[in-house]
*Asks:* 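My questions all concern the structure below.
Order of the sequence lines fixes the chain letters, A, B, ..., with proteins taken first and strands second; residue numbering starts at 1 for each chain. Model, not experiment: these values are computed from the prediction.
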Amino acid sequence: MCFSLLQIPRCKIHTLTNSWWGNLYKFGRGSVCNSSFKVLGSDKYEFEGGYSKRWIRRSVITETGGNKNTLSSKTSIRHEISEETSSIKLNTYELETTEIERSRYYVQQKIADNKDLESLVTFIVFDIETTGFGRENNRIIEIALQDIRGGENSTFQTLVNPGRYVPNTHIHGISSNMVNRSGVPRMEQLIPILLQYIQSRQIPGGDVVLIAHNARTFDVPFLKREFSRSSYEIPPDWLFVDTLPLARAVMKSKGSKVPSKVSLQALREYYGIPLVGSAHRALSDVHSLALVLQRLTYDLKLPISGLLESSFK
DNA sequence: GGCCCTCTTTAGGGCCTT
């Protein structure tokens with residue numbers, strides 16, 4: 001359904017000042033069909049549609065056990081401790097700062113080295129459903145990814161067995177019975193498959209950019225914690241982009257009140273993107289975010305190089 | 001937890017993610 005939007009006839013290419021812009025942005029807007037532009041690529045970056053079975057990597061399809069409408073599936077001593085703690089925090093901060101600087105340098109160097117970024121970068125939108133917000137006491141129960149270039153196996157979705165009760169079924173519709181079963185992979189079983197899938201989408205010599213809404217403070221730390229529990233590390237060549245600050249920037253530029261207009265649902269409604277499937281299911285939210293991302297990058301006049309510069313490791 | 005805004009910065013509250 002959402003992909004039918006992409007079939008809307010394109011009428012005219014905007015004249016854009018940024019040289020990247022003309023090459024990268026193309027998208028037909030249903031309600032404003034006087035424009036067309038490429039999004040994150042040339043024709044090969046267009047989405048393709050339908051929730052056909054061929055969308056799903058069969059090796060990780062899991063049984064949902066139910067809803068088939070859901071998408072496939074511190075005194076002196078105290079003072080000393082305080083000083084020591086501060087020192088540790090400071091060191092951690094310095095390490096993090098160094099890592100950010102390295103990441104920024106890495107991206108800028110990549111941009112400088114590669115004139116044809118479009119053909120080298122793989123953009124993958126992803127989303128996770130979890131048993132709660134805190135990453136220390138909760139687990140991932142569903143994960144979905146979508147390579148925005150489209151093509152065969154462009155999406156990946158699976159439930160994840162958390163090995164524990166799911167207390168927030170009322171949010172996403174995923175119950176304990178759906179995930180705590182033998183046919184659903186545990187995170188340690190899933191990670192190798194996930195790594196293999198993303199590698200299969202990666203262009204040799206190119207980078208992978210994983211995009212999520214509120215990625216910086218939720219999805220990425222959560223994913224990193226799950227990898228750590230399974231004795232894995234996030235691959236060093238993965239970059240992440242958070243669409244939340246992009247959305248805030250767009251809403252600010254439109255004069256909207258930033259705090260109340262930047263949830264994924266609010267953005268979907270703002271851009272008139274129809275909901276396909278159930279909200280708060282990973283694949284449904286991924287499809288929504290992929291379309292939201294197109295609008296955000298368009299509104300911000302953000303080329304691939306700009307999107308890359310907003311990435312973090 | 002990080003980011004943003006305001007009735008602000010020596011702070012507090014709201015939003016976002018499930």
*Asks:* With respect to the side chain of A:Arg216, which nucleotide from B:dT17, B:dC3, B:dC15 is positioned closest?
*Replies:*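 Comparing B:dT17, B:dC3, B:dC15 against the side chain of A:Arg216, the answer is B:dC3.
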
*Asks:* Is it possible for you to check whether A:Arg216 lies under 6.0 Å from the centre of the six-membered ring of A:Phe312, through NZ or CZ, and within 45° of that ring's axis?
*Replies:*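 Yes, A:Arg216 and A:Phe312 form such a contact.
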
*Asks:* With no hydrogens and no angle check, just 3.5 Å: does a side-chain donor-acceptor pair link A:His287 and A:Gln146?
*Replies:*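 Result is yes, a qualifying pair exists.
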
*Asks:* Under 4.0 angstrom, heavy atoms only, what part of the nucleic acid is A:Leu264 near: base, sugar-phosphate, or nothing?
*Replies:*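 The answer is sugar-phosphate, as A:Leu264 gets under 4.0 Å only of primed atoms, P, OP1 or OP2.
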
*Asks:* What is the distance from CG of A:Asn168 to P of B:dT18, rounded to the nearest Å?
*Replies:*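 Interatomic distance, CG of A:Asn168 to P of B:dT18: 10 Å.
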
*Asks:* Is the cationic atom of A:Lys224 (NZ for Lys, CZ for Arg) positioned less than 6.0 Å from the six-membered ring centroid of A:Phe222 and within 45 degrees of its normal?
*Replies:*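 The answer is no; the distance or angle limit is not met.
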
*Asks:* A:Asp242 CG to B:dC3 P: how many Å, rounded?
*Replies:*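 Interatomic distance, CG of A:Asp242 to P of B:dC3: 9 Å.
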
*Asks:* What is the distance from CZ of A:Phe218 to C1' of B:dG2, rounded to the nearest Å?
*Replies:*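 Spelled out: CZ on A:Phe218 to C1' on B:dG2 is 14 Å.
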
*Asks:* Taking B:dG13 as the reference, what is the distance to B:dT18 when you measure between their P atoms (whole Å, please)?
*Replies:*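 About 25 Å, rounded to a whole number of Å.
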
*Asks:* Mind checking A:His280 for me? I need base, sugar-phosphate or nothing, with any heavy atom below 4.0 Å counting as a touch.
*Replies:*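 The answer is base, as A:His280 lies within the cut-off (heavy atoms under 4.0 Å) of a base atom.
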
*Asks:* Rounded to whole Å, how long is the line connecting atom CG of A:Asn137 with atom P of B:dT17?
*Replies:*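 One finds 21 Å between P of B:dT17 and CG of A:Asn137, rounded.
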
*Asks:* Starting at CG of A:Leu244 and ending at P of B:dC4, how long is that distance when rounded to a whole Å?
*Replies:*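 Between P of B:dC4 and CG of A:Leu244: 9 Å.
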
*Asks:* Among side-chain atoms of A:Ser288 and A:Asp285, is any donor-acceptor pair under 3.5 angstrom?
*Replies:*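 Checked: A:Ser288/A:Asp285 side chains show no N/O donor-acceptor pair below 3.5 Å.
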
*Asks:* Indicate whether any N or O donor in one side chain lies under 3.5 Å from an N or O acceptor in the other, for A:Gln202 and A:Asp207.
*Replies:*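 On atom types as modelled, these side chains do not qualify, holding no pair under 3.5 Å.
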
*Asks:* Could you check A:Asn214 against A:Pro245 and say which one's nearest nucleotide on DNA chain B is further toward the 5' end?
*Replies:*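 In this pair, the answer is A:Pro245.
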
*Asks:* A:Ser263 has a side chain; which of B:dT17, B:dG1, B:dG14 sits nearest to it?
*Replies:*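 Looking only at side-chain atoms, A:Ser263 lies closest to B:dT17.
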
*Asks:* When we call it a touch if two heavy atoms are under 4.0 Å apart, what does A:Asp127 touch: a base, just sugar-phosphate, or nothing?
*Replies:*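 The answer is sugar-phosphate, as A:Asp127 gets under 4.0 Å only of primed atoms, P, OP1 or OP2.
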
*Asks:* From CZ of A:Arg135 over to P of B:dT17, roughly how many Å is that when rounded to an integer?
*Replies:*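 Nearest whole value for this atom pair: 17 Å.
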
*Asks:* If you measure from the C1' atom in B:dT17 to the same atom in B:dC3, how many Å do you get, rounded?
*Replies:*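 Result for the C1' pair: 13 Å, nearest Å.
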
*Asks:* Could you check which of B:dC5, B:dG1, B:dT18 has an atom nearest any side-chain atom of A:Lys252?
*Replies:*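 Selected nucleotide: B:dC5.
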
*Asks:* With rounding to whole Å, what would you report as the distance between B:dT10 and B:dC15 at their P atoms?
*Replies:*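 The answer is 25 Å between these two P atoms.
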
*Asks:* Rounded to whole Å, please give me the gap between CD in A:Glu136 and P in B:dT18.
*Replies:*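 For the pair A:Glu136 CD and B:dT18 P, the rounded distance is 19 Å.
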
*Asks:* Picking from B:dC3, B:dT18, B:dG1, which would you name as closest to the side chain of A:Thr217?
*Replies:*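 Side chain of A:Thr217 sits closest to B:dG1.
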
*Asks:* Let me know the distance between CE of A:Met251 and P of B:dC3, rounded to the nearest Å.
*Replies:*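 Spelled out: CE on A:Met251 to P on B:dC3 is 20 Å.
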
*Asks:* Return the orientation label for the A:Tyr197 and A:Phe156 ring planes: parallel under 30°, perpendicular over 60°, tilted otherwise.
*Replies:*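 If you compare the ring of A:Tyr197 with that of A:Phe156, the planes turn out tilted.
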
*Asks:* Using atom P in both nucleotides, what's the gap between B:dC7 and B:dG14 to the nearest angstrom?
*Replies:*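 Rounded to whole Å, the distance is 14 Å.
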
*Asks:* Look at the side-chain N and O atoms of A:His172 and state whether any lies under 4.0 Å from the OP1 or OP2 oxygen of B:dT18.
*Replies:*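 Looking at the OP1 and OP2 atoms of B:dT18, neither is under 4.0 Å from any side-chain N or O of A:His172.
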
